[in-house]
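As the structure is a prediction and not an experimental result, all values here were calculated from the model. Counting from 1, the numbers follow the sequence of the chain as shown.
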Amino acid sequence: MDHDNEDTASHQRGTLHRSFVVLRALAAHQKEGVRVTHLAKEIGLTQATTHRLLQGLVQEGVVEQDQQHKLYRLGLDLFSLAALAGGVQDLRSLARPVLLRLSASLSDTVILMVRSGFDAVCLDRIEGQFPIRTFTGDIGGRIPLGVGQGSLVILANLPDAEREEVLRYNLPRIQHYNVYDEVYMRTEINRALSQGYTARNSGLLEGMAGLAAPVFDRNGHVVAALSIGTHTARLNDERLPAVRDMLLREARALSSQINPFDPTLRHPMHALSTGDRTRSL
């Protein structure tokens, strides 16, 4: 009897392992979907075994099949579970220690910007020792994507088609800033992509300068920006490389922790309760 139980447990572990092999393989084909024959060949299982595993996962709601084309993809229930897990530690909570470190090290204002549709929202902010003015103002303030360093670095790192859509929508909204015409925007986007960050004194806020690094989720999609706001004199050619390197290092470390299903990324304003808006050091 004990031998039979061991055989059953071993079989269950094998089935569970193969199910996760199937799920990981499906994740690589999520956009286009995949047929059972191709999937079986890819993961090294028989077509019958692969089909049986897929049907079990379909019954659990974590895999779905397009009946017309017989293509399998990860199902909505799996994404729902991931979204619930993503809420355990959201972007703002993850980024807070980063902002604290940067502010303590640099003595400048540090800002966390996140995308919200065609805008960027200030999700968190720690004031430095040197009072500054910013486009977004306090936590919860928003600005069209492309205005200001943090907003610009998010825009620059969007997928090409998405970035073009934002530009078409936002260019008429930001023309009153005078310098923000299409030539200027495309030049700055190309610069941001080639450098991997933005650093510029736009001249729109006299005496103010900024530097920003993109923050990505674990799937490589840009979701936010870490930005330094300071006086022009404090971001001179001598100091800029040290600030840049520190900011990029923190942005990379933060990116590795971000769950792409974090609800903060889709609804940033929901993370800003009345108490949070007044939070400060």
Side-chain angles (χ1 to χ4, degrees), residues 27-33 66 71 73-74 76 79-80 82-83 86 90-92 95 111-124 134-137 139-200 202 204 210-227 251-252 254-255 258-272:
H29 299 281
Q30 184 62 15
K31 184 175 181 179
E32 70 279 10
D66 175 356
L71 298 173
R73 295 181 177 84
L74 298 178
L76 289 177
F79 290 100
S80 296
D90 62 24
L91 172 60
R92 198 176 185 209
I111 301 167
L112 175 67
M113 302 290 296
V114 65
R115 183 188 178 188
S116 177
F118 292 98
D119 295 338
V121 174
C122 176
L123 194 61
D124 206 353
T134 61
F135 289 108
T136 54
I139 296 171
R142 64 171 60 224
I143 197 76
L145 277 172
V147 177
Q149 302 310 308
S151 176
L152 175 62
V153 85
I154 294 174
L155 174 62
N157 285 277
L158 291 175
D160 292 348
E162 202 168 340
R163 186 171 62 239
E164 289 301 313
E165 182 65 23
V166 173
L167 281 172
R168 280 194 294 270
Y169 185 82
N170 276 0
L171 279 171
R173 301 173 68 202
I174 62 180
Q175 286 179 348
H176 63 279
Y177 288 110
N178 297 324
V179 301
Y180 283 94
D181 59 19
E182 184 170 359
V183 173
Y184 173 86
M185 290 298 297
R186 293 192 183 278
T187 300
E188 291 303 300
I189 286 169
N190 290 335
R191 191 197 311 273
L193 290 174
S194 64
Q195 293 181 154
Y197 64 95
T198 58
R200 191 170 179 85
S202 67
L204 294 178
L211 190 152
V215 176
F216 303 90
D217 64 23
R218 292 197 296 261
N219 287 343
H221 301 133
V222 66
V223 294
L226 287 176
S227 179
R252 284 193 293 266
L254 179 59
S255 296
I258 296 176
N259 188 327
F261 300 106
D262 176 3
T264 305
L265 306 180
R266 296 184 298 281
H267 306 290
M269 301 306 289
H270 292 183
L272 303 175

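Closest of all the heavy-atom pairs between Leu112 and Ala95 is CD2-CB, 3.6 Å. Among all heavy-atom pairs drawn from Arg191 and Ser194, the shortest one is O-OG, 3.0 Å. When all heavy atoms are compared, the tightest approach of Asn157 to Val153 is ND2-O, 2.8 Å. In terms of heavy-atom proximity, Leu123 sits nearest to Arg92 at O-NE, 2.8 Å.
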- [ ] Give the C-alpha distance, both sets of side-chain angles, the deciding distance and a yes or no for side chain to side chain contact (heavy atoms under 4.5 Å, CB included) between Leu211 and Thr198.
- [x] CA-CA 5 Å; Leu211 190 152; Thr198 58; over 6 Å; no
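The pair Asp181-Arg186 does not meet the salt-bridge criterion, since no charged nitrogen lies less than 4.0 angstrom from a carboxylate oxygen. A salt bridge does not link Arg168 to Glu182: none of the charged nitrogens lies less than 4.0 Å from a carboxylate oxygen.
No side-chain heavy atom of Leu152 sits less than 4.5 Å from a side-chain heavy atom of Met113.
Under the rule for a salt bridge (charged side-chain N to carboxylate O under 4.0 Å, His left out), Asp66 has no partner lying at least two apart in sequence or in another chain.
Asn219 contributes no side-chain N or O that, together with a main-chain N or O of His221, makes up a donor-acceptor pair within less than 3.5 Å.
Note that OH of Tyr169 is 12.5 Å distant from CD1 of Ile174, once rounded to the nearest 0.5 Å. The line from OG of Ser116 to CD1 of Ile143 is 13.0 Å long, rounded to the nearest 0.5 Å.
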